[in-house]
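Data first, discussion second: the structure below is written as structure tokens.
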Amino acid sequence: MKSLWCAALAVAVALGGCGIAEPGTDDLILKDPEIPSVSSARHTSQPESSVSSGAPDTQEKPFPVLPEEYGLLRTAAGLMGDPEASVQTWPVGLDAVRGMRVPDSWELRRSIAALLADADLEKLDSVPEMAASESDPISIQIDLEDQWASIAVSLLSESDAANPGGAYLEVSGSQTVSAADGASSRTDDAAFPDVEAYAGNRVLYEQFAALIEQHTEEVHADFGGKATILRPAPGASETAAIENAMVQIGDILLLGWRDIGQADRYWMLEAHNTDTGGMLYQIPLGERLLTRISPSNAFEQFDYCLFFQDGVLYKNSQNPSEELAYDLPAVVSVAAQGDGRQDGGMFDLSGDRLVWEADDGVWIANQDGSDARLLYANSAIPQTLAPGKALQVVEPRLLCEGGRVVMTIYDSQEAADGMENIGFVVCDADAGSGREPQVVPFQAYSQPQGPIKDRYMVLRNQEDTCIVDAQERTSELRRLPFNPVADCQSYDFETLICFEQQSGDRFAVYRCGADQPDDRSGLLLKGDIFGTLAGVTQQYAVVKGTDADGEWLALADYLAEKP
């Protein structure tokens with residue numbers, strides 16, 4: 001029976017890769033909540049030996065040995081004494097983890113093992129259901145080629161009847177076993193128990209906390225001039241880049257930010273110079289719900305537009321004071337203004353055409369709402385796609401200068417499982433075209449991506465990517481590499497940008513040909529810091545993360561000549 005502390009440990013192990021850079025690197029480490037789950041962390045390839053500052057001097061004094069009755073805890077402490085092990089430790093508390101690192105050292109390993117050896121611990125017969133604690137766990141992860149272990153020490157609340165005000169220590173472990181085909185995978189083994197629990201006193205936790213604090217250092221993003229680093233404006237308690245709110249226009253990158261620490265959701269648009277990273281200007285958006293930013297050619301003086309839940313704002317990237325507001329006409333139903341699935345994604349505007357979703361299907365009208373007609377009815381969706389299900393067409397997008405409409409086929413009954421999108425429908429916007437709508441079946445966990453270059457829409461699942469070309473009315477299925485710590489994106493589907501979160505907190509970004517997603521010869525950017533791929537523009541791969549200075553975005557130019 002797993003305890004609530006197992007859940008806390010899972011969070012800590014998910015921080016997971018926290019750790020150590022390869023010898024000779026800058027050793028940049030970042031702890032961020034947006035990281036792989038504990039299951040994915042346990043199945044990633046083993047990191048290379050990463051003992052920093054050269055090989056440790058194992059002859060200085062003997063490494064502490066724990067009593068035999070400690071079982072897996074003894075094994076875990078023993079692994080720390082192996083110079084070939086990768087030992088990863090991180091600070092207490094998820095907030096403190098941002099922008100901090102605990103470099104591996106022989107002194108730190110020996111001190112941790114000594115604390116365990118001297119602690120007055122009571123081994124528990126099972127992992128109990130424990131009350132909530134006063135703290136997040138102090139966590140340690142030890143990796144070798146054939147086995148690993150994790151240790152988490154937490155401080156219990158005074159009201160916990162099992163061990164009031166004391167410490168609770170939980171140990172997990174597993175081994176790598178070889179299959180008949182020569183492949184290897186992590187698995188639990190009876191000879192290497194997967195979890196043990198111990199009760200200790202408050203002093204143990206306090207000593208651990210003081211030791212980790214003593215070895216904790218700040219981390220600052222630095223890519224050696226190989227990327228332009230952008231920072232959001234200071235002052236917000238916690239910011240996050242808004243998905244779909246990133247557009248490059250010339251040497252300007254437009255970004256939507258929100259302050260997730262404010263109940264009223266403070267929104268900000270920022271324009272940054274892609275060459276220097278400097279911020280050119282800000283546009284406060286107040287409480288309006290910004291959902292996406294798109295290039296625009298509807299008006300000569302406006303080159304992009306902001307989509308909100310209730311309308312569109314046309315803007316000039318060179319002159320932020322110039323704007324033209326468009327409010328949704330009354331003919332657009334309330335359903336088009338957001339039902340919680342993707343606020344603001346329920347309508348689109350291009351030139352003089354407006355499309356939106358309603359209860360009975362997708363409608364199209366003139367920009368002012370006149371001449372409205374049902375473009376594609378939900379009842380027209382082939383029921384062979386999902387027999388017995390109530391299917392809808394949602395999130396329509398106008399492409400090809402407003403001449404085509406691509407909408408997503410949505411299965412609300414599968415939404416809880418995350419596989420709610422099951423294909424596309426492509427229609428001509430002109431009712432007199434004479435061409436039948438094209439139905440493209442494809443089940444996906446993701447929200448639709450696009451429009452891209454005014455002609456493509458994309459859906460992805462864990463194995464394949466479905467690309468619909470509205471201009472040619474064709475669809476293409478591509479197999480791209482996918483796992484919980486890798487991602488591939490593209491702006492034009494001629495060049496792939498493949499991102500990999502590697503062992504520890506290292507990442508790498510690669511430029512690949514459209515048909516060579518496994519090619520790793522075109523290294524674009526690497527860093528010893530946790531990051532995620534925020535998006536791809538027509539020129540840049542954009543990686544985001546957090547360090548001691550706050551949130552950062554790194555722009556890597558994938559059109560530049562290979563080094």
Partners passing salt bridge (charged side-chain N to carboxylate O under 4.0 Å, His left out) against Arg373 (at least two apart in sequence or in another chain): none
Ring centroids only, cut at 6.0 angstrom: are Phe499 and Phe507 within range, meaning strictly under it? yes
Contacts of Ala365 that satisfy side chain to side chain contact (heavy atoms under 4.5 Å, CB included) - sequence neighbours left out: Trp356, Ala372
Distance check, rounded to the nearest 0.5 Å: Leu254 atom CG versus Ile283 atom CD1? 8.0 Å
Set of residues satisfying side chain to side chain contact (heavy atoms under 4.5 Å, CB included) with respect to Asp428, sequence neighbours excluded: Arg404, Ser433, Arg435, Arg473
With Asp469 via salt bridge (charged side-chain N to carboxylate O under 4.0 Å, His left out) - residues at least two apart: Arg455
Which residues pass the side-chain hydrogen bond (donor to acceptor under 3.5 Å, both in side chains) test with Arg353, not counting sequence neighbours? none
Does Ser370 have any side-chain hydrogen bond (donor to acceptor under 3.5 Å, both in side chains) partners at least two apart in sequence or in another chain, and if so, which? Asn366, Asp368
Taking every heavy atom of Ser317 against every heavy atom of Ile252, the minimum-distance pair comes out as O-CD1, 3.7 Å
Sorted by chain and residue number, the ring pair (Phe, Tyr, Trp, His ring centres under 6.0 Å) partners of Tyr456 (sequence neighbours excluded) come out as Phe493
Taking only residues two or more places apart in sequence or in another chain, which ones pass side-chain hydrogen bond (donor to acceptor under 3.5 Å, both in side chains) with Asp557? Gln539
Sequence neighbours left out, what passes ring pair (Phe, Tyr, Trp, His ring centres under 6.0 Å) with Tyr314? Give chain and number order. Phe299
Trp552/Phe223 aromatic ring centres below 6.0 Å: yes
Just to verify, what does Gln471 make a side-chain hydrogen bond (donor to acceptor under 3.5 Å, both in side chains) with, not counting sequence neighbours? none
Could you name each residue pair satisfying salt bridge (Lys or Arg N to Asp or Glu O under 4.0 Å) that touches residues 317-331, not counting sequence neighbours? Lys315-Glu323
Please say whether the positively charged group of Arg292, taken as NZ for Lys or CZ for Arg, lies over the ring of Phe307, i.e. under 6.0 angstrom from the six-membered ring centre and within 45 degrees of the axis. yes
How many angstroms lie between atom CD of Gln309 and atom CG of Leu328, to the nearest 0.5 angstrom? 9.5 Å
Contacts of Glu401 that satisfy salt bridge (charged side-chain N to carboxylate O under 4.0 Å, His left out) - sequence neighbours left out: none
